[in-house]
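Just the heavy atoms: all of them, side chains too, but no hydrogens, waters or symmetry mates, feed the values below. Just so you know, these numbers come straight off a predicted model, no measurement behind them.
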Amino acid sequence: MEKEVPPSSEQIKRLKALQGVDSGVFTLAVFSTLEGHMRYQLKNEVNNKTPFPDVLKTYRTHYSVGNPKEYMLFKNIEANERNTNFVRHRFENLSAEEAKAAIYLLSEFAKIFKLPHEDLINELATNLVTWNNRKSPLETAQELERANKELQKLSKENTDMAKKVSEFEEKQNQLSTLNTKLKSLQQDYDQQIANNQKNKDKIDELRRSKNEEEMKNRKAQQIIQEQIAKLSDAQTYIDNLARMTSYTRTRYDYEQSLLRLTREQESIVNQVKFEHDFLVKGSAGTGKSLVLLKTLEKLIQNNKSTSFKLITFSRSLEKYNKYVAQLMNIENPVEKEIITTSEDYTNKLFADAFPGKGFSYNSSKCLERDPVVAGNPIGKEIWNEIDKFILPKGVSKKEYCDEKINRTGMKRLQSGTDRNKIWAAVEAIFAEWDNQEELSVPYATYKLVSRIEQGEYTVPAELKTDYLFVDEVQDLTVSTLRLLKYSVNGKLILAGDNDQSVFQTGFAWSRANIDVVGNSRTLNMNFRSTIQIQEVSEKYRQLMKGFDKKNCPETFRIGAPVELHEEQNQAEAFENMLDSVNMCIQSLGYEPENICLIAGKRDYLLTLQGLLKEKLDLESDLVNSDEFSFAKQGVVRLATPQSCKGLDFPVVLYYLDHRAHFLNVYDEETADKMNRNMIYTAITRGSELLRIFMLKDSTSVPIDDLRKILN
């Protein structure tokens with residue numbers, strides 16, 4: 001009778017008996033069960049000395065079809081099995097949450113690879129009910145909390161821990177190489193001795209040589225072991241960090257596998273009736289973009305003949321939304337131009353309204369020496385007045401001169417300043433711009449809205465859409481939103497978060513001719529970030545003047561502590577960032593595409609791109625480059641706070657330089673808020689691991705406030 005394919009029903013029953021008794025022993029038993037099945041299936045392909053990672057790799061080669069889901073499953077199994085070393089070698093315990101992660105991996109493996117007694121395995125998986133309800137596991141994760149505190153202590157005591165981890169693992173590899181070399185030498189000498197049994201002198205010589213080689217190698221081993229002992233903190237650090245990240249990644253993968261909205265998200269999708277403009281609000285990571293895509297899916301299913309588009313401010317978020325739509329199997333939005341940028345969308349309107357003109361984002365500062373411009377009451381500050389206030393806010397001459405509109409956020413005008421003289425210079429600039437072959441996009445937007453409102457232009461039917469979905473709406477100007485409103489037959493469905501506005505100061509919806517009174521809903525569950533990242537982000541957000549108090553996000557995944565690295569200069573910061581990249585890939589098993597480096601200037605990113613290639617031989621790309629694709633593997637992501645909006649990455653390494661931005665444009669209070677918005681946006685991109693690098697001598701208050709939170 002052929003032996004039953006393991007796991008047997010008896011083995012599963014034994015697992016069930018262990019469940020809830022001892023989390024560490026139970027987790028070890030789960031992975032032993034998986035290993036037993038793999039070894040049985042592979043038979044002569046592996047032996048008793050084959051280590052688990054090699055067994056896993058061989059099984060994957062023979063039985064996996066290579067899809068992304070199976071790929072992540074094997075990665076998570078390897079990472080989580082490593083944590084059982086705490087039980088196997090030190091008889092330490094693991095947390096109940098890590099035991100649940102093991103159950104999830106076993107149940108997924110059983111489902112995909114058709115393990116026997118899947119029904120009994122599913123009974124084990126009923127313990128995942130707390131994960132289904134997305135509850136915080138703090139009360140069941142004391143062991144993980146202890147690991148977390150140890151990580152915090154070690155990272156504060158060792159500012160160069162990533163470098164020490166690399167040195168530790170290099171020494172481990174050297175020791176392993178020596179061990180292998182010694183075994184090979186011993187086998188070689190033993191074979192020579194066996195071949196010279198009749199030659200006593202030769203045997204004595206071989207034994208002396210063998211002894212000398214053994215002594216020499218053992219001395220080298222001892223030296224390396226002493227070096228490793230001095231790096232014991234690095235071993236403790238990387239073991240605990242691997243433990244935190246493997247759990248976090250597994251639970252995040254579980255969340256992604258649910259393929260369903262939460263009750264909160266589903267409720268909001270159901271409340272969108274397409275009879276009014278509708279706004280979905282929520283802080284970073286609450287799933288606004290997903291709700292927008294699901295609402296779009298609902299419209300597609302219920303209104304086959306309806307025209308629609310989904311637009312967003314940035315090229316990177318356009319690509320990301322297309323990528324997610326494909327994962328969700330939403331067919332229509334993947335088609336060309338269904339999901340696009342606001343720039344591409346409005347450019348079609350400009351081309352129709354201003355035939356023969358070109359359009360760009362280069363603000364044409366002409367007439368700088370013209371007496372009409374130079375003689376205005378605010379001098380060259382008129383460019384900021386136009387670029388940052390009049391054009392984006394859609395301010396008319398009547399509002400500016402007669403109604404004395406409040407210039408919220410701008411530097412105060414001197415008392416008694418004649419606004420009529422300022423406006424005369426503005427009109428002179430407008431007249432000059434009208435004569436140029438190329439119009440700036442902000443001016444084209446302002447001018448086209450004015451023409452529509454004065455009855456000089458009507459958006460043609462073929463350029464209109466029935467419903468327009470707008471992601472990250474807070475970064476579109478009033479003028480742009482007015483233009484979008486005039487291009488829609490039906491309503492606007494919007495998603496945004498004012499606390500993440502990094503391009504402009506806030507505005508009233510009524511000024512954009514959008515009415516969301518009674519038709520806005522707020523998402524409060526953060527699906528992106530760990531509890532540790534969320535705590536830092538929320539503490540920082542609440543220091544931002546005028547933060548949205550209605551946003552009260554909660555999260556539920558435990559993760560590694562957020563680390564702060566203060567460096568003497570930019571070169572040291574970049575070197576430390578590269579050490580962290582190397583550690584994440586080599587020690588924690590992250591793929592390069594899981595890592596994003598964020599910095600405030602494109603020049604910084606280009607420098608980092610060169611260093612990644614030179615020092616680590618890693619390819620990287622800016623998320624807003626024309627060639628970038630979210631589906632491309634093996635490429636480290638690079639982004640500014642502006643280009644990473646709406647995106648998320650498992651690992652974020654953020655370089656904060658010492659500069660304060662916007663001070664030459666806005667008043668001090670507004671500049672402070674804009675700087676904080678940029679920082680908040682960047683630190684909320686990470687889903688699993690966040691490290692912040694800043695300069696020790698930075699005196700910028702927004703940066704210093706973040707330092708205080710992290711110290």
Quick one: pull up [atom1] in [X] and [atom2] in [Y] and give me the separation to the nearest 0.5 Å.
{"X": "N93", "Y": "D22", "atom1": "CG", "atom2": "CG", "result": "5.0 Å"}
{"X": "N594", "Y": "L689", "atom1": "CG", "atom2": "CG", "result": "11.0 Å"}
{"X": "N76", "Y": "T250", "atom1": "CG", "atom2": "OG1", "result": "3.5 Å"}
{"X": "T555", "Y": "N526", "atom1": "OG1", "atom2": "CG", "result": "4.5 Å"}
{"X": "L124", "Y": "S107", "atom1": "CG", "atom2": "OG", "result": "9.0 Å"}
{"X": "L56", "Y": "E81", "atom1": "CG", "atom2": "CD", "result": "8.5 Å"}

What pair of heavy atoms forms the shortest contact from [X] to [Y], and how long is it?
{"X": "L653", "Y": "S580", "result": "CD1-CB, 4.0 Å"}
{"X": "T684", "Y": "S537", "result": "CG2-OG, 3.4 Å"}
{"X": "N582", "Y": "S166", "result": "ND2-OG, 3.3 Å"}
{"X": "I598", "Y": "C644", "result": "CD1-SG, 3.9 Å"}
{"X": "S587", "Y": "I238", "result": "CB-CD1, 3.6 Å"}
{"X": "V651", "Y": "C584", "result": "CG1-SG, 4.0 Å"}

[X] vs [Y] side-chain heavy atoms within contact, under 4.5 Å:
{"X": "E627", "Y": "K632", "value": "no"}
{"X": "L543", "Y": "I709", "value": "yes"}
{"X": "V581", "Y": "L616", "value": "yes"}
{"X": "L178", "Y": "L182", "value": "no"}
{"X": "R60", "Y": "E70", "value": "no"}
{"X": "E619", "Y": "V636", "value": "no"}
{"X": "I585", "Y": "L618", "value": "yes"}
{"X": "L706", "Y": "V536", "value": "yes"}

- Task: Test L597 against Y655 for side chain to side chain contact (heavy atoms under 4.5 Å, CB included), laying out the working first.
- Result: CA-CA 8 Å; L597 276 55; Y655 173 64; over 6 Å; no
Axial cation check for [Y] ring with [X], 6.0 Å and 45° limits:
{"X": "R243", "Y": "F86", "value": "yes"}
{"X": "R82", "Y": "F52", "value": "no"}
{"X": "K171", "Y": "F168", "value": "no"}

Looking at [Y] and [X], is any side-chain nitrogen of the basic one under 4.0 Å from a carboxylate oxygen of the acidic one?
{"X": "D54", "Y": "K57", "result": "no"}
{"X": "K163", "Y": "D579", "result": "yes"}
{"X": "R637", "Y": "D621", "result": "no"}
{"X": "K149", "Y": "E145", "result": "no"}
{"X": "K696", "Y": "E567", "result": "no"}
{"X": "E688", "Y": "R557", "result": "no"}
{"X": "D239", "Y": "R90", "result": "yes"}
{"X": "E97", "Y": "R251", "result": "yes"}
{"X": "E108", "Y": "K69", "result": "yes"}
{"X": "K216", "Y": "E213", "result": "yes"}

For the backbone of [Y] and the side chain of [X], can you confirm whether one donor and one acceptor N or O come within less than 3.5 Å of each other?
{"X": "E572", "Y": "Q568", "answer": "yes"}
{"X": "S64", "Y": "T61", "answer": "no"}
{"X": "N158", "Y": "L154", "answer": "yes"}
{"X": "Y540", "Y": "D705", "answer": "no"}
{"X": "T159", "Y": "S155", "answer": "no"}
{"X": "Q532", "Y": "A560", "answer": "no"}
{"X": "E593", "Y": "G634", "answer": "yes"}
{"X": "T640", "Y": "S643", "answer": "yes"}

Tell me which donor-acceptor pairs under 3.5 Å the side chains of residues 23-34 have, and how far apart each pair is, sequence neighbours excluded?
| unit_1 | atom_1 | unit_2 | atom_2 | d |
| --- | --- | --- | --- | --- |
| T27 | OG1 | S23 | O | 2.7 |
| S32 | OG | L28 | O | 2.9 |
| T33 | OG1 | A29 | O | 2.8 |

- Query: Does the side chain of Q186 come under 3.5 Å of the side chain of E214 through a donor N or O and an acceptor N or O?
  - Reply: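 There is such a pair (donor and acceptor under 3.5 Å, judged by atom type) between the side chains of Q186 and E214.
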- Task: Would you please test F630 and F649 for ring-ring contact (aromatic ring centres under 6.0 Å, His included) and show each step?
- Result: CA-CA 11 Å; F630 282 97; F649 311 91; 7.1 Å; no
- Message: Check for me whether the distance between the ring centres of F693 and Y654 falls short of 6.0 Å.
- Response: no
- Query: When you look at K539 and E535, which way does the salt bridge (charged side-chain N to carboxylate O under 4.0 Å, His left out) test go after all the steps?
  - Reply: CA-CA 6 Å; K539 285 178 181 177; E535 284 179 348; 5.5 Å; no
- Give a yes or no on whether R88 atom CZ has more than 12 heavy-atom contacts from other residues, nucleotides or ligands under 6.0 Å away. yes
- Hey, can you tell me if Y59 and F109 have their rings parallel, tilted or perpendicular (30° and 60° cut-offs)?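 Ring orientation of Y59 relative to F109: tilted.
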